[in-house]
Amino acid sequence: MYSIILNAKEEYPSLRKGFKHNPTPLTREDGSIEPANPIKLFALKHRKESVEDILSMAAAWHKAGSPLIHRGPSLGSFEKWSLTIGSILAYADVLGFLDNIDYSKSLDKETLLIAGFLRYWFKTSGDKPLVAVEAVELIEKTGGNLPLPTRIAAAMDKEETANILRDGS
């Protein structure tokens with residue numbers, strides 16, 4: 001899995017118009033309508049050119065002696081792969097490969113908090129389903145000694161919960 005960060009560079013990107021790959025539904029041979037996935041359609045239509053471009057980048061890098069010029073981060077157990085792909089991209093002046101790896105680490109911390117909370121829940125309640133009030137009571141019994149996922153911690157904060165209920169955000 002690869003995480004990516006999309007920056008639309010505007011406050012309400014969902015309100016934009018005039019997309020290059022406009023999502024137009026497809027009419028199948030049997031007359032039924034299939035919702036369009038414009039990126040998938042573009043990728044399928046231009047597969048040959050895309051593969052040729054990728055192979056051209058790799059061939060140019062190889063012809064230049066396969067210089068190992070990637071100086072960015074690498075993935076553990078995938079160091080050689082990271083160095084090779086990063087170097088091919090750097091040779092083609094595509095910079096920033098794996099530069100957002102620290103962002104993915106922050107996602108992992110939240111995942112660990114969620115997993116810890118769920119382990120505690122199972123340890124104390126087994127596979128018995130809980131309603132929200134019971135889950136809150138379970139958390140309160142820890143006296144604040146249970147690290148909580150961000151959203152649960154925010155919901156447990158009475159002032160934050162009041163703000164959420166009042167503002168709807």
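Counting from 1, the numbers follow the sequence of the chain as shown.
Sorted by first and then second residue, the pairs that involve residues 117-153 and meet ring pair (Phe, Tyr, Trp, His ring centres under 6.0 Å), not counting sequence neighbours, are F117-W121.
Take E52 and apply the side chain to side chain donor-acceptor pair (under 3.5 Å) test, not counting sequence neighbours, and it matches K48.
Separating the OG1 atom in T124 from the CG atom in L138 is a distance of 4.0 Å, to the nearest 0.5 Å. In this structure, the separation between CD1 on I85 and CH2 on W61 is 8.0 Å, given to the nearest 0.5 Å. The distance from atom CG of L130 to atom CD of E137, rounded to the nearest 0.5 Å, is 9.5 Å.
A continuous path of hydrophobic side-chain contacts links L118 to L148 [ILVMFWY only; heavy atoms under 4.5 Å].
E79 is not listed as a side-chain neighbour of L83, based on a closest heavy-atom distance of 4.5 Å or more. No side-chain heavy atom of L89 sits less than 4.5 Å from a side-chain heavy atom of L95.
In D30, the CG atom is crowded: over 12 heavy atoms of neighbouring residues, nucleotides or ligands sit closer than 6.0 Å.
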Solution key, residues 65-77 side-chain donor-acceptor pairs under 3.5 Å, sequence neighbours excluded:
| residue | atom | partner | partner atom | Å |
| --- | --- | --- | --- | --- |
| S66 | OG | H62 | ND1 | 3.4 |
| H70 | NE2 | P73 | O | 3.0 |
| R71 | NH1 | L68 | O | 3.0 |
| R71 | NH2 | L68 | O | 3.4 |

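In plain terms, the two heavy atoms of F97 and G86 that are nearest each other are CD2-CA, 3.4 Å.
In this structure, F78 and W81 have perpendicular ring planes: the angle between them is above 60°, well past the 30° mark.
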